[in-house]
Q: 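Take this structure first; my questions come after.
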Amino acid sequence: MAVLLSPVKDYTGPGPAGVYFTRGRAETDDPAAIAYAHRHGYTVEVTKARKRSAPAGGPGTAQE
């Protein structure tokens, strides 16, 4: 996951590769969007990927 910071402070609207900026900030895990941002003057902050918790009764759970 990466946070992209727009070169235009407080920009809200569509950005590269379909990411959407709100107040100059967008999040994506799309490697193409991240690479584009690096090449075109965006600040890119790489973060840890968010873990998704398994739903109750998911695989490996006994159900009667």
Side-chain angles (χ1 to χ4, degrees):
M1 178 70 70
V3 174
L4 308 180
L5 301 176
S6 170
V8 178
K9 185 179 177 179
D10 292 331
Y11 172 71
T12 296
V19 297
Y20 190 84
F21 284 84
T22 302
R23 296 184 182 165
R25 185 178 191 277
E27 293 183 4
T28 185
D29 57 358
D30 180 351
I34 295 167
Y36 177 93
H38 272 292
R39 290 190 313 266
H40 290 93
Y42 293 75
T43 300
V44 177
E45 299 173 353
V46 178
T47 61
K48 290 183 180 180
R50 294 181 186 172
K51 287 192 176 186
R52 299 171 79 181
S53 59
T61 325
Q63 294 182 343
E64 295 182 36

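What you see is a predicted model; the values in this text were computed from it and never measured.
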Q: Other members of the hydrophobic cluster containing Leu5, with the 4.5 Å side-chain heavy-atom rule, please.
A: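 Cluster partners of Leu5: Val3.
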Q: Sort and list the pairs that fulfil side-chain hydrogen bond (donor to acceptor under 3.5 Å, both in side chains) and have at least one residue in residues 28-40, not counting sequence neighbours.
A: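 Checked against side-chain hydrogen bond (donor to acceptor under 3.5 Å, both in side chains) - neighbours excluded - no pair reaches residues 28-40.
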Q: If a pair satisfies salt bridge (Lys or Arg N to Asp or Glu O under 4.0 Å) and one of its residues is in residues 13-26, list it, with sequence neighbours excluded.
A: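 Applying salt bridge (Lys or Arg N to Asp or Glu O under 4.0 Å) to every pair that reaches into residues 13-26, excluding sequence neighbours, yields Arg25-Glu27.
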Q: Kindly give the heavy-atom pair with the smallest separation between Ala33 and Leu4, and that separation in Å.
A: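 Looks like O-CD1, 4.4 Å.
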Q: Could you tell me which non-hydrogen atom of Ala2 sits nearest to which non-hydrogen atom of Thr47, and how far apart they are?
A: N-OG1, 4.1 Å
Q: Can you pull the ring-ring contact (aromatic ring centres under 6.0 Å, His included) pairs that have at least one residue in residues 2-25, sequence neighbours excluded?
A: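 Counting only pairs at least two positions apart or across chains, the ring-ring contact (aromatic ring centres under 6.0 Å, His included) contacts touching residues 2-25 are Phe21-Tyr42.
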